Amino acid sequence: MPELPEVETMVRGLRPALEGRRLASAELHDPSMLLGCTSEELAARCVGAVVSGVGRRGKWVVVELADAGLIVIQPRMTGGFRLVEPDRPGHVRLTFRLASPDASIWFCDARRLGRILWFDGPEQADAAFARAHGPDALAIGRDDLAARLKRTRRAVKPALMDQKVLAGIGNIYADEILFESRLHPTRVSAELRPAEVDRLHAAIRPVLTRAIEAEGASFDAGYRTVLGLEGGFLAVNSMYGRAGRPCKGCGAPILKTKIPGLIGRPTYLCPACQPEKRPRARRDA
DNA sequence: CGGTTACCCTGGATGC
DNA sequence: TGCATCCAGGGTAACC
């Protein structure tokens, strides 16, 4: 479920509960989700360790233990954290217990698609992240984005969702960003004109920032904040989940469709505001 | 190599 | 009500 804004919201929620605190224990309830060490090793390394920082890299949650290593949690589709539940929530896969005050922090994941990674130090974590990711979507520069989009002839939407191109964008925010930039999702990435890349780049940060301010996008039984609350983004967004409703730009009904290269995932677009064909150049230089 | 698809999992919603 | 089917925000291995 979570994309950059949801992961950022999780991290902001976890920080006050975890940073500077000493762990009493870490219990993994599903060993198959852990990579990089055994559950016994994870437990042993966490006992008595102090959490020196909680951060985000793309869609990764990074929990840094002082002088001990790092735990990376990838929520993927259905993972999330819970604090201060009266009772243990469902589908708990990893439990952190704090030494004092006595409290639990749960990582839950109904579909168990999430991953928990152990790294011995920040260098190893950085290297692993860099192997699979481009620059963070909130930090990427315009020219860097342009160069990366130039390298592929895929449709621009799957390119935006490719974490190696830039890190943090998934299905919901790709549609929002493409709508804001008035680009059809099937436009060939490498054929975008400089002015179109300008629009795309200019849309990324405002869309993600707005979503972070809303504490992410919740629907059905999916993502919640660490307090179990719904994020508010889908009450203010333009595209995702709004099939048939009027486009905020022109009033035409929003189309829900599928595009090649993104099997099984819905794409929302405005056929009027996001023309399918590359606009003709006035003159070929 | 670049691009596409299958598949990993399961719960909840929808339809018959 | 009960059962089958479909759907889902991510990521990667395998394939063409």
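All values below were derived from every heavy atom in this structure, side-chain atoms included, with hydrogens, water molecules and symmetry-related copies excluded. For clarity, every value in this text was computed on a predicted model and none was experimentally measured. Proteins get letters first, then strands, A, B, ... in listed order; numbering begins at 1 in each.
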Student: Do A:Leu14 and A:Leu94 land in one hydrophobic cluster if side-chain heavy atoms of ILVMFWY residues count as linked below 4.5 Å?
Tutor: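 Cluster IDs for A:Leu14 and A:Leu94 match.
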Student: Regarding A:Lys157, tell me which of base, sugar-phosphate or nothing describes its non-hydrogen contacts under 4.0 Å with the strands shown.
Tutor: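 The residue A:Lys157 makes no contact with any strand.
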Student: Look at all strands and tell whether A:Gly114 reaches a base, only sugar-phosphate, or nothing, counting heavy atoms closer than 4.0 Å.
Tutor: nothing
Student: Between the side chains of A:Asp102 and A:Arg97, is the shortest nitrogen-to-carboxylate-oxygen separation below 4.0 Å, so that they form an ion pair?
Tutor: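 Between A:Asp102 and A:Arg97 there is a salt bridge, with a charged N closer than 4.0 Å to a carboxylate O.
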Student: Can you check the A:Ile263 CD1 to B:dT5 C1' distance for me, whole Å?
Tutor: 6 Å
Student: Taking the six-membered ring for Trp and the full ring for Phe, Tyr or His, determine whether the centres of A:Phe96 and A:Phe81 are under 6.0 Å apart.
Tutor: no
Student: Suppose you measure atom P in C:dA14 against the same atom in B:dC9; what distance do you get, rounded to whole Å?
Tutor: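 So the two P atoms sit 14 Å from each other.
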Student: Could you tell me whether the phosphate oxygens of C:dG9, OP1 or OP2, come under 4.0 Å of any side-chain nitrogen or oxygen in A:Tyr240?
Tutor: yes
Student: Got a second to check how far A:Tyr268's OH is from A:Thr257's OG1, nearest 0.5 Å?
Tutor: 11.0 Å
Student: Below 30° counts as parallel, above 60° as perpendicular, anything between as tilted: where do the rings of A:Tyr173 and A:Phe233 land?
Tutor: tilted
Student: What is the distance, rounded to the nearest whole Å, between atom CZ of A:Phe219 and atom P of C:dA8?
Tutor: 8 Å
Student: So if I take every side-chain heavy atom of A:Lys256 and compare against C:dG9, C:dA8, B:dT5, which nucleotide ends up nearest?
Tutor: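 Out of C:dG9, C:dA8, B:dT5, the nucleotide with an atom closest to A:Lys256's side chain is C:dA8.
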Student: Identify whether any heavy atom of A:Arg153 sits under 4.0 Å from a base atom; if not, whether one sits that close to sugar-phosphate; answer base, sugar-phosphate or nothing.
Tutor: sugar-phosphate
Student: In whole angstrom, give the distance that lies between atom CG of A:Leu113 and atom C1' of C:dA8.
Tutor: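 A:Leu113 atom CG is separated from C:dA8 atom C1' by 10 Å.
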Student: Relative to the 5' end of DNA chain B, which residue comes earlier, A:Asp220 or A:Thr152, by the nucleotide with the nearest heavy atom?
Tutor: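 Looking at DNA chain B, the more 5' nearest nucleotide goes with A:Thr152.
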Student: What contact category does A:Pro260 fall into here, base, sugar-phosphate, or nothing, at under 4.0 angstrom with non-hydrogen atoms?
Tutor: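 No contact.
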Student: Side chain of A:Arg154 only, please: which of C:dG9, B:dG3, B:dG12 is the nearest?
Tutor: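 Nearest listed nucleotide: B:dG3.
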Student: How does DNA chain C look in dot-bracket form if you count Watson-Crick and G-U pairs under 3.5 Å, write [ ] for pairs that cross, and put | where a base pairs with another strand?
Tutor: .|||||||.|||||||
Student: Can you check whether A:Arg112 has a side-chain N or O nearer than 4.0 Å to OP1 or OP2 of B:dT10?
Tutor: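 Checking A:Arg112 against B:dT10: at least one side-chain N or O falls below 4.0 Å of OP1 or OP2.
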Student: Looking at A:Arg205, I'd like to know if its CZ atom is crowded, meaning that more than 12 non-hydrogen atoms belonging to other residues, nucleotides or ligands lie closer than 6.0 Å.
Tutor: no
Student: Which of residues 158-170 of chain A sit near DNA chain B, with a heavy atom under 4.0 Å from it?
Tutor: none
Student: Work out how far the C1' atom of C:dG9 is from that of B:dG3, and round it to whole angstrom.
Tutor: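 My reading of the C1' atoms in C:dG9 and B:dG3 gives 23 Å.
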Student: Rounded to the Å, how far apart are A:Leu35 CG and C:dG11 P?
Tutor: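 Computing the A:Leu35:CG to C:dG11:P distance gives 14 Å.
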Student: To the nearest angstrom, how far is A:His91 atom NE2 from B:dT10 atom P?
Tutor: 10 Å
Student: Do A:Glu196 and A:Arg187 meet the salt-bridge criterion of a basic N to acidic O distance under 4.0 Å?
Tutor: yes
Student: Give me the one residue out of A:His91, A:Arg93, A:Arg112 that meets side chain to side chain donor-acceptor pair (under 3.5 Å) with A:Asp30.
Tutor: A:Arg112
Student: Between atom CD in A:Glu6 and atom P in C:dA8, what is the gap in whole Å?
Tutor: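 After rounding, the gap between these two atoms is 16 Å.
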Student: Between A:Arg76 and A:Asp109, is the closest basic N to carboxylate O distance under 4.0 Å?
Tutor: no
Student: Starting at atom CZ of A:Arg93, determine the distance to atom C1' of B:dT10, rounded to an integer number of angstrom.
Tutor: 9 Å
Student: Rounded to the nearest Å, what distance is computed from the CZ atom of residue A:Arg115 to the C1' atom of nucleotide C:dG11?
Tutor: 9 Å
Student: Identify which nucleotide among C:dG9, B:dG11, C:dG11 has an atom closest to any side-chain atom of A:Arg76, counting heavy atoms from C-beta outward.
Tutor: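 Of all the options, the side chain of A:Arg76 is nearest to C:dG11.
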Student: In terms of side-chain geometry, is the basic nitrogen of A:Glu191 or A:Arg153 positioned less than 4.0 Å from the acidic oxygen of its partner?
Tutor: yes
Student: Applying a 4.0 Å non-hydrogen cut-off, can you work out what A:Ala217 is touching in the nucleic acid: base, sugar-phosphate, or nothing?
Tutor: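 The answer is base, as A:Ala217 lies within the cut-off (heavy atoms under 4.0 Å) of a base atom.
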Student: If you group Ile, Leu, Val, Met, Phe, Trp and Tyr by side-chain heavy-atom gaps below 4.5 Å, do A:Leu42 and A:Val54 land in one group?
Tutor: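 Yes, because A:Leu42 and A:Val54 connect within a single hydrophobic cluster, where side-chain heavy atoms sit under 4.5 Å apart.
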